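None of the values given here were measured: they were computed from a predicted structure. In each ligand, atom 1 is the first atom listed, and ligand 1 is the first ligand listed.
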Amino acid sequence: MRRQTEATKRKHQVSSDAPPAKRRNEISSLSAKKASNKETQRAFKGSAHKTFPPKKHLDTIGNERQEEKPCVKTSSLFKNNPEIPELHRTVVKQAREQVFSPEAFQELDLHPHLISTINTVLKMSSMTSVQKQSIPVLLEGRDALVRSQTGSGKTLAYCIPVVQSLQALTSKIQRSDGPYALVLVPTRELALQSFDTVQKLLKPFTWIVPGVLMGGEKRKSEKARLRKGINILISTPGRLVDHIKSTKNIHFNRVRWLVVDEADRILDLGFEKDVTVILNAVNAECQKRQNVLLSATLTEGVTRLADISLHNPVSISVLDKSWDQPNPKEVASIQLDSFAIPESLDQYVVLVPSKLRLVCLAAFILKKCKFEKDQKMIVFFSSCELVEFHYNLFLHTLLCHSGTPASETLPSASWPLKFLRLHGNMKQEERTSVFHEFSHSGTGVLLCTDVASRGLDLPQVTWIVQYSAPSAPAEYIHRIGRTARIGCHGSSLLILAPSEAEYVNSLASHKINVSEIKLEGILAVLAKDDCFKRRQRGAQRSHATGPQEIRERATVLQTVFEDYVHSSQRMVSWAKKALQSFIRAYATYPKELKSIFHVRSLHLGHVAKSFGLRDAPRNLGVSAVRKASFKRPDPRRKTQRKHHLVPAEVLHSEHSSGLEGNGPKGRKQGLRVAPSKPGLRR
Ligand SMILES: Nc1ncnc2c1ncn2[C@@H]1O[C@H](COP(=O)(O)OP(=O)(O)OP(=O)(O)O)[C@@H](O)[C@H]1O
């Protein structure tokens with residue numbers, strides 16, 4: 001298949017159906033100036049954009065478009081695409097875990113009020129497997145590394161022992177004592193979510209005060225809360241460091257628990273500096289504590305990155321004993337690089353030529369969320385700019401495509417679409433409100449960065465779409481893990497370019513199985529959607545049927561996107577920025593994936609089309625892109641920061657996805673942390 005992929009790449013590089021640059025620019029600037037048309041002339045043959053005399057436009061994109069304009073013919077979406085290779089994936093046996101255990105919480109030695117809170121407030125009776133294994137070990141006072149699949153109840157696996165142990169302290173906790181437990185999580189939304197769980201568990205134990213610190217909140221009010229006292233402190237690393245440096249009232253001398261949730265992410269190099277400061281501060285004051293590290297993708301290797309002073313830790317992994325490992329001893333080990341995926345999660349992949357990516361994503365959203373009932377979807381993008389661009393584009397094109405009110409245009413068996421977005425460049429208030437809105441909604445499409453990939457428990461999500469492949473298998477697992485939680489059913493779709501087909505085998509090498517679905521199957525939904533029916537001159541209907549009709553409708557959809565993007569200069573430059581951001585992200589795939597994802601294999605003209613751009617922007621020369629993929633920025637040369645395609649800026653964009661890390665990824669080195677007091681390495 002590799003040879004086939006190489007051939008595909010070569011073909012991909014040379015093929016182009018775009019018109020000569022000069023002419024292309026003339027056309028796009030003309031259409032950009034006269035943006036407010038009412039009908040677009042659509043044609044499906046020929047390879048260049050052509051202008052036609054103005055026609056009355058029946059399809060309105062947004063409300064801004066009132067005037068007539070020369071129509072622009074959309075270049076063929078279905079010609080000169082790279083061949084879609086046959087997927088010859090290796091079928092692997094995935095690691096499995098049993099979610100629930102038969103045991104009830106009553107069987108644990110917990111305070112009766114804690115048990116009744118679990119039963120009545122949280123409405124849970126039996127433990128999950130990870131809870132059954134972790135809670136007794138943690139109640140014994142042991143350090144632990146806990147790994148179990150996404151959505152298997154790891155939050156309660158640490159929260160219950162923390163609450164049980166703190167309420168049982170003989171000298172009753174005072175609020176002013178400050179933190180007894182420190183919980184580190186990578187994102188603000190996860191901090192809020194974990195705080196909510198702790199708060200519920202603490203209902204009967206009102207003297208123990210939980211609190212959350214996270215970026216984006218007012219520092220002053222956080223300082224005031226810290227001054228009054230917080231006993232179970234949940235924080236993102238960056239914000240805690242802020243307070244360690246600037247708030248005198250924060251002391252760690254009573255800390256008994258250090259919990260690091262999503263530990264592989266937090267102990268990763270992105271958080272290097274912050275974690276170092278936190279561990280130094282805690283180690284300097286704290287006499288004896290229990291450390292708990294949790295994640296669905298935890299390996300013992302992560303602890304080597306930080307001197308986290310684990311004392312004889314227990315490794316908890318709930319992998320099925322029946323899982324067919326070549327070496328059965330490995331089943332109990334937490335060093336495996338293959339992680340369990342919920343059994344009720346169906347994973348799919350679709351190979352889509354770049355030109356058709358946007359139409360494919362839109363058709364998939366329509367298929368699931370407009371024509372199927374009760375669907376809730378999360379779509380992952382690789383940067384904040386990409387989320388913003390697609391959010392705005394879909395909001396203006398897929399919701400109110402025709403000038404008539406939505407209810408009149410919707411086919412009878414369809415449901416209204418709702419789009420939300422979440423990324424690190426949003427104001428915290430908005431982030432929190434989106435998080436709550438999506439959590440409580442039964443339907444909707446959330447477009448987001450990896451800010452939503454870890455730990456978030458968003459109920460009833462039915463589909464996860466990855467519009468770009470993640471850079472590590474662990475991230476793939478966390479993203480898809482936002483669905484199929486706690487035994488529920490869910491599905492995921494990974495969208496790859498034909499040149500990226502090999503990624504499926506890379507996933508297989510981590511025991512991840514994906515089944516292929518065909519692009520035609522996704523586009524077929526357009527046959528149902530008369531919003532994208534082709535109209536010819538004089539409002540004649542097209543009589544195409546079957547595949548031809550679907551192609552026509554896909555082209556109409558693409559034209560709707562292109563018309564919107566070219567409706568103003570501002571939109572065009574926004575699309576270009578989004579395209580640039582996509583290329584920057586593409587340039588930062590790790591070394592081991594570079595043979596699959598390399599900027600040189602991108603056909604800029606085709607990729608531009610997936611941003612609704614009729615032409616590849618001139619200032620995004622391939623040579624600049626090539627440089628970006630090879631050169632790391634030299635921090636001493638300020639001028640380099642102006643260069644738009646340096647990977648450092650991509651890392652910034654990942655940072656701004658809301659994950660609070662601020663160091664470059666990729667270097668592997670230990671964190672330099674001052675050891676805890678001699679003889680007290682806990
Ligand atoms: N014993 C239980 N019975 C029923 N539901 C439970 C139980 N324990 C946890 N849950 C629910 O399961 C869902 C997932 O739990 P949680 O968020 O803790 O998973 P997780 O393992 O931390 O996932 P991730 O790896 O994605 O962070 C939550 O809605 C939680 O309320």
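- Between Glu475 and Arg265 there is no salt bridge, since no side-chain nitrogen of the basic residue lies less than 4.0 Å from a carboxylate oxygen of the acidic one.
- Side-chain atoms of Gln428 and Thr432 form a donor-acceptor pair, as typed in the model, at a separation below 3.5 Å.
- The shortest heavy-atom distance from Ser295 to ligand 1 is not under 4.0 Å.
- Look at Gly481 and you'll find every heavy atom at least 4.0 Å from all atoms of ligand 1.
- Residue-to-ligand polar distances keep Thr150 apart from ligand 1: every N/O pair is separated by 3.5 Å or more.
- We find the CZ-CG distance between Arg289 and Leu258 to be 5.0 Å, quoted to the nearest 0.5 Å.
- Those atoms of ligand 1 that come under 4.0 Å of a heavy atom in Phe105, given as number and element, are 1 (N).
- Between Thr155 and ligand 1, at least one pair of N/O atoms sits closer than 3.5 Å.
- Nearest non-hydrogen protein atom to atom 12 (O) of ligand 1 is Ile486 CD1, 3.3 Å.
- Using a 4.0 Å cut-off between charged nitrogen and carboxylate oxygen, Arg479 and Asp450 count as a salt-bridge pair.
- Residue Ser152 approaches ligand 1 through these ligand atoms, each under 4.0 Å from one of its heavy atoms: 19 (O), 20 (P), 21 (O).
- Salt-bridge annotation for Glu189 and Arg431: present, with a side-chain N of the basic residue lying under 4.0 Å from a carboxylate O of the acidic one.
- Close contacts between ligand 1 and Gln149 involve ligand atoms 21 (O) [criterion: under 4.0 Å to a heavy atom].
- When the options Leu298, Thr297, Leu319, Ile512 are evaluated for a side chain to side chain contact (heavy atoms under 4.5 Å, CB included) with Phe339, the one that passes is Thr297.
- Nearest to atom 25 (O) of ligand 1 among the protein's heavy atoms is Lys154 NZ, 2.7 Å.
- For Ala296, no nitrogen or oxygen atom sits less than 3.5 Å from a nitrogen or oxygen atom of ligand 1, counting backbone and side chain alike.
- For residues 107-124, no pair satisfies salt bridge (charged side-chain N to carboxylate O under 4.0 Å, His left out), with sequence neighbours left out.
- No salt bridge links Arg147 with Asp264; every basic N to acidic carboxylate O contact stays at or beyond 4.0 Å.
- The ligand atoms of ligand 1 that sit less than 4.0 angstrom from a heavy atom of Arg482 are 26 (O).
- When hydrogens are left out, the protein atom nearest atom 13 (C) of ligand 1 is Asp457 OD1, 3.5 Å; that is the closest non-hydrogen contact.
- The shortest contact between atom 8 (N) of ligand 1 and any protein heavy atom is with Gln131 NE2, 2.8 Å.
- Residue contacts with ligand 1: His478 is placed with no nitrogen or oxygen under 3.5 Å of a nitrogen or oxygen of the ligand (distance criterion only).
- With Gly455, Ser125, Cys488 as candidates, the residue nearest to atom 27 (O) of ligand 1 on a non-hydrogen basis is Gly455.
- In this structure, Lys123 falls outside the shell of residues with a heavy atom less than 4.0 angstrom from ligand 1.
- Residue contacts with ligand 1, taken as heavy atom pairs separated by less than 4.0 Å, involve Glu262 solely via side-chain atoms from C-beta onward.
- Under the rule for a ring pair (Phe, Tyr, Trp, His ring centres under 6.0 Å), the partners of Phe364 that lie at least two apart in sequence or sit in another chain are Trp463.
- Annotation: Gly151 places an N or O atom under 3.5 Å from an N or O atom of ligand 1; distance criterion only.
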Query raised in the report: Does the side chain to side chain contact (heavy atoms under 4.5 Å, CB included) test come out yes or no for Leu110 and Ile160, once each step is laid out?
Result: CA-CA 9 Å; Leu110 299 176; Ile160 291 173; 3.7 Å; yes
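- Between the side chains of Asn291 and His311, no donor-acceptor pair is found at a separation under 3.5 Å.
- In summary, the aromatic rings of His390 and Tyr467 are positioned with their centroids under 6.0 Å apart.
- Counting heavy atoms only, Ser126 comes closest to atom 1 (N) of ligand 1 of the residues Gly153, Ser194, Ser126.
- Residue Thr128 approaches ligand 1 through these ligand atoms, each under 4.0 Å from one of its heavy atoms: 1 (N), 2 (C), 7 (C), 8 (N).
- Closest to atom 31 (O) of ligand 1 among all protein heavy atoms lies Met124 CE, 3.2 Å.
- Summary of contacts: the protein heavy atom closest to atom 17 (O) of ligand 1 is Arg485 NH2, 3.0 Å.
- Classified by interplanar angle (parallel below 30°, tilted 30° to 60°, perpendicular above 60°), the ring pair Tyr589/Phe597 is parallel.
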